[in-house]
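Encoded as structure tokens, the structure appears first; notes follow it.
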Amino acid sequence: MFENIKKYRIVLASQSPRRQELFFMTGIPFSVESGNSGPENYPENLPVTDIALYLARQKQKAWHKYWGLQGQIVITADTIVALGETVLGKPADRDDACQMLWLLSGNIHQVITGVVLKSFDKEVTFSAVTHVSFKVLSAEQIEYYVDKYKPFDKAGAYGIQEWIGLTGVDRIDGSYFNVVGLPVDTLFDELRKF
């Protein structure tokens with residue numbers, strides 16, 4: 001099933017343990033490289049739907065030492081949470097995390113992941129979008145979650161695989177794994193075609 005990519009060393013350039021775990025579940029052999037992939041800035045006029053892919057492309061630039069060589073595929077990804085035209089990044093502190101969850105409470109938001117697969121002579125890019133609906137959350141629920149799970153490394157201040165996802169999310173439209181951090185179904189398909 002993986003004959004077309006056996007000739008490649010596949011590198012997942014990500015510090016995220018969630019992305020690493022999801023990719024491991026595909027059964028595709030890979031190496032993990034993590035490090036400073038540069039700032040996560042994007043042009044102010046960039047449409048929300050393009051931001052995640054733009055950031056994944058920015059990360060890819062830092063890994064030229066791998067994809068610049070024959071026989072390597074480097075995978076980079078970036079996930080954003082968007083409530084309308086507002087992008088909710090990683091919270092700065094407890095108050096910021098609580099504020100983000102207040103904004104998501106009772107609303108539907110988008111989780112968008114941009115992915116770049118790059119080798120010496122080929123590049124494939126795609127974005128996955130999942131719509132997530134939160135129930136109305138109480139202040140007690142929000143504070144409990146933030147204090148217990150400390151979601152400061154997560155866009156939108158939550159992990160769907162954690163308590164808040166079990167108790168606060170009432171509907172998703174799209175890939176659940178995209179919300180966790182990596183749209184593995186589409187990534188799997190793209191690697192099979194690479």
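All values derive from a computational prediction rather than experimental measurement.
Side-chain contact between Val11 and Trp67: absent, with no pair of heavy atoms (C-beta onward) separated by less than 4.5 Å. Between Leu187 and Val115 the shortest side-chain heavy-atom distance falls below 4.5 Å. Counting heavy atoms from C-beta on, the side chains of Ile172 and Ile160 come closer than 4.5 Å. Between Arg57 and Thr125 there is a side-chain heavy-atom pair separated by less than 4.5 Å.
Listed by chain and number, the residues in a ring pair (Phe, Tyr, Trp, His ring centres under 6.0 Å) with Trp163 are Tyr144 (sequence neighbours excluded). Under the rule for a ring pair (Phe, Tyr, Trp, His ring centres under 6.0 Å), the partners of Tyr158 that lie at least two apart in sequence or sit in another chain are His109, Phe134. Phe194 meets the ring pair (Phe, Tyr, Trp, His ring centres under 6.0 Å) test with Tyr8; sequence neighbours excluded.
By the 4.5 Å side-chain criterion applied to Ile, Leu, Val, Met, Phe, Trp and Tyr, Phe120 is assigned to no cluster and stands alone.
Atoms CG and CD, on Asp93 and Gln99 in that order, are 11.0 Å from each other to the nearest 0.5 Å. Note: Thr49 OG1 to Glu85 CD = 8.0 Å, rounded to the nearest 0.5 Å. Here the CG atom belonging to Leu182 is positioned 7.5 Å from the CZ atom belonging to Phe23, to the nearest 0.5 angstrom. Once rounded to the nearest 0.5 Å, the distance linking CG of Leu137 with CG of Asn107 reads 10.0 Å. We find the CD-CD distance between Glu123 and Gln60 to be 6.5 Å, quoted to the nearest 0.5 Å. Rounding to the nearest 0.5 angstrom, the gap separating the CD1 atom in Ile51 from the CD1 atom in Ile80 is 4.5 Å.
Across every non-hydrogen atom of Gly114 and Ala52, the tightest pair is N-CB, 3.4 Å. The two residues Val74 and Ala13 have their closest heavy-atom pair at CG1-CB, 4.0 Å. Scanning both residues, Asp185 and Ser175, for their nearest heavy atoms gives OD1-OG, 4.1 Å. Taking both residues in full, the closest heavy atoms of Cys98 and Glu143 are given as SG-CG, 4.3 Å, listed atom of the first, atom of the second, then distance.
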Test side-chain contact (heavy atoms from CB on, under 4.5 Å) applied to Thr167 and Tyr145, step by step: CA-CA 10 Å; Thr167 61; Tyr145 173 69; over 6 Å; no
message: Run Ile10 and Ile75 through side-chain contact (heavy atoms from CB on, under 4.5 Å) and show every step you take.
response: CA-CA 8 Å; Ile10 297 174; Ile75 301 167; 3.7 Å; yes
query: Does the pair Tyr176 and Gln161 meet the rule for a side-chain contact (heavy atoms from CB on, under 4.5 Å), with working shown?
result: CA-CA 9 Å; Tyr176 166 82; Gln161 71 278 14; 3.5 Å; yes
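No path of Ile, Leu, Val, Met, Phe, Trp and Tyr side chains, each step under 4.5 Å between heavy atoms, connects Leu46 with Val116, placing them in separate hydrophobic clusters. Residues Phe126 and Phe30 share a hydrophobic cluster, clusters being chains of Ile/Leu/Val/Met/Phe/Trp/Tyr side chains in contact below 4.5 Å. When the side chains of ILVMFWY residues are joined at heavy-atom separations under 4.5 Å, either directly or via intervening members, Ile108 and Val179 end up in two distinct hydrophobic clusters. Placement of Leu22 and Val132 within a single hydrophobic cluster is found when ILVMFWY residues are connected by side-chain heavy-atom separations under 4.5 Å, directly or transitively. With hydrophobic clusters built from ILVMFWY side chains whose heavy atoms lie under 4.5 angstrom apart, Ile73 does not share a cluster with Leu53.
A side-chain N or O of Ser119 and one of Asp121 form a donor-acceptor pair less than 3.5 Å apart.
Listed by first then second residue, pairs satisfying side chain to side chain donor-acceptor pair (under 3.5 Å) with a partner in residues 127-136 read Thr130-Asn178, Ser133-Asp170, not counting sequence neighbours.
With Arg19 as the fixed residue, the side-chain contact (heavy atoms from CB on, under 4.5 Å) test singles out one of Thr76, Val180, Val32, Thr79: Thr79.
At most 12 non-hydrogen atoms from other residues, nucleotides or ligands lie less than 6.0 angstrom from CD of Glu21.
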Please tabulate, one pair per line, all N/O donor-acceptor pairs under 3.5 Å involving side-chain atoms of residues 146-153, not counting sequence neighbours.
| unit_1 | atom_1 | unit_2 | atom_2 | d |
| --- | --- | --- | --- | --- |
| Asp147 | OD1 | Arg94 | NE | 2.6 |
| Asp147 | OD1 | Arg94 | NH2 | 3.4 |
| Asp147 | OD2 | Arg94 | NH2 | 3.1 |
| Lys150 | NZ | Asp147 | O | 2.8 |

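Between Lys122 and Glu190 there is no salt bridge, since none of the side-chain N atoms of the basic residue sits less than 4.0 Å from a carboxylate O of the acidic one.
Distance alone, capped at 3.5 Å, is enough to place a donor-acceptor pair between the Gln20 side chain and the Ser14 backbone. Side chain of Asn4 to backbone of Leu191: a donor-acceptor contact under 3.5 angstrom is found.
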